[in-house]
Amino acid sequence: YPSAFYSELRISPQINLTQPFGKLRIDHRLRYEFRWIGQNQSVENKSFIYGGDFSSTTQKERFRYQLKAILLLGKEKMEDKTWYCQASNELFVNIGEQVANTNLLDQNRVLIGLGYRINKNFSVEAGYMQQAIFRFTNSSKNNVDLNNILQLNFIISNVETLFK
């Protein structure tokens, strides 16, 4: 595949629901995405640095549901200096009149990882994700791209308290 910058803008309202069970926490994230997809650009064309090519766009929508489990290690509640394990599964479903039945299922992401809450404002997480991208529009209707991803996240929470 040639290297490309994929221009996309999103507005994504979401709802997060949390269920605590002692050291185990279950999170449900429901997200609806309004997406505007622009033109792909070669990475040799550095104009993508200025925001991508949206001279013509395609508007799409999709629903995402993530189920995530977080298990605290060595502590009874999430507090400063807490290690935790996490596992999640996220399903992406295309929505809209223009979506053919063969294109309803878009992606599935499975993640396992380890996290550390430094304090109420900062956490770090590392994990392995397998992303399945479904492309059932080809003639044989069996094309699935599997991507293996090592992920490192730095999370900033409670931003309003950083400036007090």
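Heavy-atom basis, side chains included; hydrogens, waters and symmetry copies ignored. In this chain, numbering begins with 1 at the start of the sequence shown.
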If you group Ile, Leu, Val, Met, Phe, Trp and Tyr by side-chain heavy-atom gaps below 4.5 Å, do Tyr128 and Val110 land in one group? no

Residue pair Ser12 / Glu33: nearest heavy atoms and the distance that separates them: OG-CG, 3.4 Å

Pairing donors with acceptors under 3.5 angstrom, does anything connect the side chains of Arg109 and Gln107? yes

Do Thr18 and Arg25 pass the side-chain contact (heavy atoms from CB on, under 4.5 Å) test, and can you show the C-alpha distance, the side-chain angles, and the key distance before you say yes or no? CA-CA 7 Å; Thr18 299; Arg25 186 179 89 199; 3.4 Å; yes

Would you indicate whether the side-chain heavy atoms of Ile26 and Phe21 approach each other to under 4.5 Å? yes

Taken to the nearest 0.5 Å, the spacing of Leu71 CG from Leu24 CG works out to 6.0 Å

Give a yes or no on whether a salt bridge exists between Arg117 and Glu79, defined as a side-chain N under 4.0 angstrom from a carboxylate O. no

So if you build clusters from Ile, Leu, Val, Met, Phe, Trp, Tyr with side-chain heavy-atom gaps below 4.5 Å, do Ile112 and Trp83 land together? no

Is there a side-chain contact (heavy atoms from CB on, under 4.5 Å) between Leu162 and Ile156? Walk through the geometry before answering. CA-CA 10 Å; Leu162 289 171; Ile156 302 173; 3.9 Å; yes

Could you tell me whether Tyr65 and Phe63 have their ring centroids closer than 6.0 angstrom? no

Any donor and acceptor pair, going by atom type alone, linking the side chain of Asn158 with main-chain N or O of Thr161 inside 3.5 Å? no

Heavy-atom side-chain proximity of Lys60 to Ile37 below 4.5 angstrom: yes

Does any non-hydrogen side-chain atom of Arg35 lie less than 4.5 Å from one of Glu61? no

Measure across Asn148 and Gln130 and return the closest heavy-atom pair with its distance rounded to 0.1 Å. OD1-NE2, 3.4 Å

Roughly how far, to the nearest 0.5 Å, is CD of Gln131 from CG of Asn147? 5.0 Å

Is there side-chain contact between Ser123 and Phe154, with at least one heavy-atom pair below 4.5 Å? no

In this structure, CG of Leu17 is separated from CG of Leu67 (nearest 0.5 Å) by 11.0 Å

Between Tyr116 and Glu125, do the side chains contain an N or O donor and an N or O acceptor separated by less than 3.5 Å? no

At what distance, to the nearest 0.5 angstrom, does CD of Gln59 lie from CG of Leu9? 11.5 Å

Report yes if the side chains of Asn108 and Phe92 come closer than 4.5 Å at any heavy-atom pair, otherwise no. no

Verify side-chain contact (heavy atoms from CB on, under 4.5 Å) between Lys68 and Glu90, making sure each step is shown before the conclusion. CA-CA 8 Å; Lys68 183 177 187 179; Glu90 184 170 20; over 6 Å; no

Looking at every non-hydrogen atom in both residues, tell me the closest pair between Thr82 and Lys77 and how far apart they are. OG1-O, 4.0 Å

What is the minimum heavy-atom distance between Gly38 and Thr57, and which atoms define it? CA-CG2, 4.4 Å

Closest non-hydrogen contact found for Tyr84 with Leu114 is O-CD1, 3.2 Å

May I ask you to check whether over 12 heavy atoms, not counting those of Ile15, lie within 6.0 Å of atom CD1? no

Would Leu105 and Ile133 show up in the same hydrophobic cluster when neighbours are defined by side-chain heavy atoms closer than 4.5 Å? no

Is any side-chain heavy atom of Tyr32 less than 4.5 Å from a side-chain heavy atom of Ile11? no

Please tell me whether Ser56 and Gln39 have a donor and an acceptor in their side chains that are separated by less than 3.5 angstrom. yes

Output yes when Arg29 and Asp27 qualify as a salt bridge under the 4.0 Å nitrogen-oxygen rule, no when they do not. no

4.5 Å side-chain heavy-atom contact, Asn16 and Leu30: no

Value for CD (Gln14) from NE2 (His28), rounded to nearest 0.5 Å, stands at 14.0 Å

In the single-linkage hydrophobic clustering (I, L, V, M, F, W, Y; side-chain heavy atoms under 4.5 Å), do Ile118 and Val159 co-cluster? yes

Within the 4.5 Å heavy-atom criterion, are Ile70 and Cys85 side-chain neighbours or not? no

Nearest 0.5 angstrom please: Asn40 CG to Glu8 CD, how far? 10.0 Å

Using atom types as modelled and distance alone, determine if a side-chain donor or acceptor of Asn153 lies under 3.5 Å from a backbone N or O of Ile155. no

Surrounding NZ of Lys23 (heavy atoms of other residues, nucleotides or ligands, distance under 6.0 Å), is the total greater than 12? yes

